[in-house]
Amino acid sequence: MAGPGTEKATGAARFRRWLLDKRVEEVKGPEAREGEGEHPWWQVVCLTGVDYFSTLGYIPAIAAAAAGALSPIATLLIVLLTLFGMLPMYRVVSRESPHGQGSIAMLENLLSFWKGKILVLVLLGFVATAWIVTITLSAADAAVHIVENPLVPGFLHGQELSLTLLLLGVLGAVFLKGFREAIGIAVFIVAAFLLLNLVVVGVGFYGILAEPQHLADWRTSLFSDYGNPLAIIGVSLLVFPRLALGLSGFETGVSMMPLVRGNPEDDPQRPEGRVRNTRKMLTVAALIMSFYLLTTSFVTTLLIPAEEFEEGGAASGRALAYLAHDLLGDAFGTAYDLSTIAILWFAGASAMAGLLNIVPRYLPRYGMAPDWGRAVRPLVLVYTAISFVVTIAFGAGVDAQAGAYATGVLAMMVSAAFAVTLAAWRGGSRRGGLGFGLVFLVFAYAFVANAAQRPDGLLIAFFFGVGIVAISLVSRVSRSTELRQERIEVDETAQGFIDEAGEHLHLVAHRRRQGTEEEYARKERQQREDNHIPPDEPILFLEVQVEDASEFEDVLEVRGVEVGPHKVLRAESSVVPNAIAALLLHLRDTTDKTPHCYFGWTEGNPIVYLFRFLLFGEGDTAPVTHEVLREAEPNPERRPAVHVGGR
């Protein structure tokens, strides 16, 4: 009969299995089967719009609170930037990353070695900031819509923080159980939300036309406060960075590319049909959002008293809902509230799904993800806990979180603009480089201006960045002695050398310098003397050249080369000892022989060699090769032999 200790252990094991059960799938790449899980582009517009269009729930109120009577003018600047900056920019991104990796992956490819990896890790901090604040801001605004509805019981008034935490808890619980974004649900929610907004906008414009005094009062307010059109435009340029929340949908749209159906004859490596349909999706989404940004900003600014936008006002965080109740009655207003709450919650779910894909999209390829980082539930618990902390820190305030959200969004826009500008210059397009360079400068200004006014977003991004880099480096170090080769490919010449090697396989590890026949002869004499290799035993030289030490996994391609009478196996890899160990195990398995690999002693500070191995893929090769073999093959009888000799 099992005792309490056994039951406790069994319960802990069951909990661990449950916690680590669901794994995050790698983002589909060119090797994925085309057509699987794909949808018409207009349906994917709605899935993108869950995040993009949901910002209409709070952007008009935030814009009015930040810019006052200038809100429609500043919003016009955002629309112009959307149509003539963002849209062309992300059309390029969709062509360069047709499998949904986005602008960050473009930078990773354009900037090689460690600088590209470090930049990606830093940018992931800002991406995480944008998505975490999307979750918290959407939940906070949904709570405001609940509390301000006149049909809601009075005891809920003033409980925005508690309601926000409850919504976040429900979101986390749903993902712990298992959640998949459903395009069918997204189409219904987005269609209903846009239709209700169209009704509010239409009735609002009718009210403005019926009472022209609204327009006259707005013009009077503009010119009395700012004097002339140049001053109006100048001040609008200063405040428009606060309205950057309206630019959030493009990176999400590109990340949805694997879901966009292309043409049956598409090349999986360069799916032109998918790229073309994604561009349609981005264009339609941008046009829809531009229309609603302009019209909602205009009607809310003209029809809602300025004091109602202030914190605690009836329109704070819910300007369009305020108009829905005021112009169309509580029945329609309640329907509008329900639609807004649904799309805001779904936007939080979309952001959570995006966060869950950050780790498998980038970090495992760098060897920078702990094992639990591949499991859904631990990540859900971590992200939900962070969302709780952020919500409490901001008091569940919608306006309070706007700056942090804008910081994350603008950081993604700056990285995208820089990536596209760099790609244009390297591609020889001077005009494209200058045009996208101007867009980059605009976003850089907006990012700096927003961060200076609201540094809380930088603080959140800093903590995310430090956490990601720290966990990544610890994971990379702890996994440094793993076998890191996806597969080994041996060409015909190299295979011939191996087959002719005789009863025993003797491989001499060699670092090529001039590559002359004399160099190999000297190395052979030295190794035969130091390691007592019989003169009649043939040897093969083994050379592994480091190509990019920042990569973690690669395909080891071994080719045979003859230098005079000497036979050489050459390969390129991101790390020397692990590649040698992988090849030795491969030779053991394919030849049924025990390979013997010979090294010379290295001279110098072992700490320096340790850092050279971690950062540059080479160092004190012999002991690291032995350790990789020991971990990969626990049975010493089957383990390839490592010999170190010299004086």
Side-chain angles (χ1 to χ4, degrees), residues 50-51 53-66 71 132-171 189 192-193 196-197 200 242-243 245-246 248 292 296-297 299-301 303-328 330 332-349 351 387-388 390-406 456:
V50 164
D51 175 29
F53 303 147
S54 70
T55 56
L56 293 171
Y58 45 81
I59 278 183
I62 291 174
S71 175
I132 282 288
V133 181
T134 296
I135 293 171
T136 58
L137 183 58
S138 298
D141 197 49
V144 170
H145 281 79
I146 293 172
V147 168
E148 294 295 332
N149 187 285
L151 303 181
V152 169
F155 70 87
L156 288 178
H157 289 273
Q159 301 299 317
E160 288 87 349
L161 177 59
S162 300
L163 283 172
T164 302
L165 293 175
L166 177 63
L167 290 171
L168 292 174
V170 170
L171 180 65
I189 289 176
F193 181 71
L196 292 173
N197 274 284
V200 174
R242 303 185 199 177
L243 280 62
L245 291 77
S248 65
Y292 278 104
T296 57
S297 173
V299 298
T300 53
T301 302
L303 296 178
I304 299 177
E307 61 271 14
E308 297 294 351
F309 291 113
E310 297 174 2
E311 189 173 352
S316 177
R318 55 182 295 276
L320 290 169
Y322 176 95
L323 285 182
H325 285 274
D326 185 56
L327 300 178
L328 294 158
D330 289 341
F332 182 89
T334 298
Y336 184 89
D337 284 336
L338 292 174
S339 174
T340 305
I341 292 166
I343 198 169
L344 286 169
W345 188 90
F346 216 91
S387 300
F388 281 172
V390 171
T391 295
I392 294 170
F394 285 105
V398 175
D399 292 337
Q401 297 178 71
Y405 183 35
D456 40 17

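Keep in mind it's a predicted model, so treat the numbers as computed, not measured.
Atom CG in D326 sits 8.5 Å away from atom CG in L303 (nearest 0.5 Å). Separating the CD1 atom in I132 from the OG1 atom in T391 is a distance of 9.0 Å, to the nearest 0.5 Å. Taking CG of L344 as the start and CD1 of I341 as the end, the distance is 8.0 Å to the nearest 0.5 Å. Put simply, CD1 on I343 and CG on D141 are 11.5 Å apart, with the number rounded to the nearest 0.5 Å. Here L328 contributes atom CG and L323 contributes atom CG; the two are 9.0 Å apart, rounded to the nearest 0.5 Å. Distance check: I146 CD1 to R318 CZ gives 11.5 Å after rounding to the nearest 0.5 Å.
Annotation: side-chain contact (heavy atoms from CB on, under 4.5 Å) contacts of A314 (sequence neighbours excluded): E308, Y322.
With hydrogens and angles disregarded, no donor-acceptor distance shorter than 3.5 Å links the side chain of S138 to the backbone of I135. Between the side chain of Q401 and the main chain of G397, a donor-acceptor pair closer than 3.5 Å is present.
Summarising the geometry of T300 relative to A319, their closest heavy-atom pair is CG2-CB, 3.7 Å, with the distance given to 0.1 Å. When all heavy atoms of L196 and S339 are compared, the closest pair comes out as CD1-CB, 3.5 Å. Minimum heavy-atom separation, F193 to Y336: CE1-OH, 4.1 Å. For the residue pair F309 and P60, the shortest heavy atom distance occurs at CE2-O, 4.5 Å. Pairing each heavy atom of S71 with each of A64, the nearest pair is OG-N, 3.8 Å. Nearest heavy-atom pair, W345 versus L167, reported as atom, atom and distance to 0.1 Å: NE1-O, 4.1 Å.
Looking at heavy atoms from C-beta onward, V144 lies out of side-chain contact with Y58 at the 4.5 angstrom threshold. You'll find the side chain of F394 stays beyond 4.5 Å of the side chain of L137, heavy atoms only. Considering only heavy atoms from C-beta on, V152 stays 4.5 Å or farther from V147 through its side chain. The shortest distance between side-chain heavy atoms of T136 and T164 does not fall below 4.5 Å. A heavy-atom distance below 4.5 Å is not found between the side chains of E148 and D337. Residues T334 and H325 are in side-chain contact: their nearest non-hydrogen atoms beyond the backbone lie under 4.5 Å apart.
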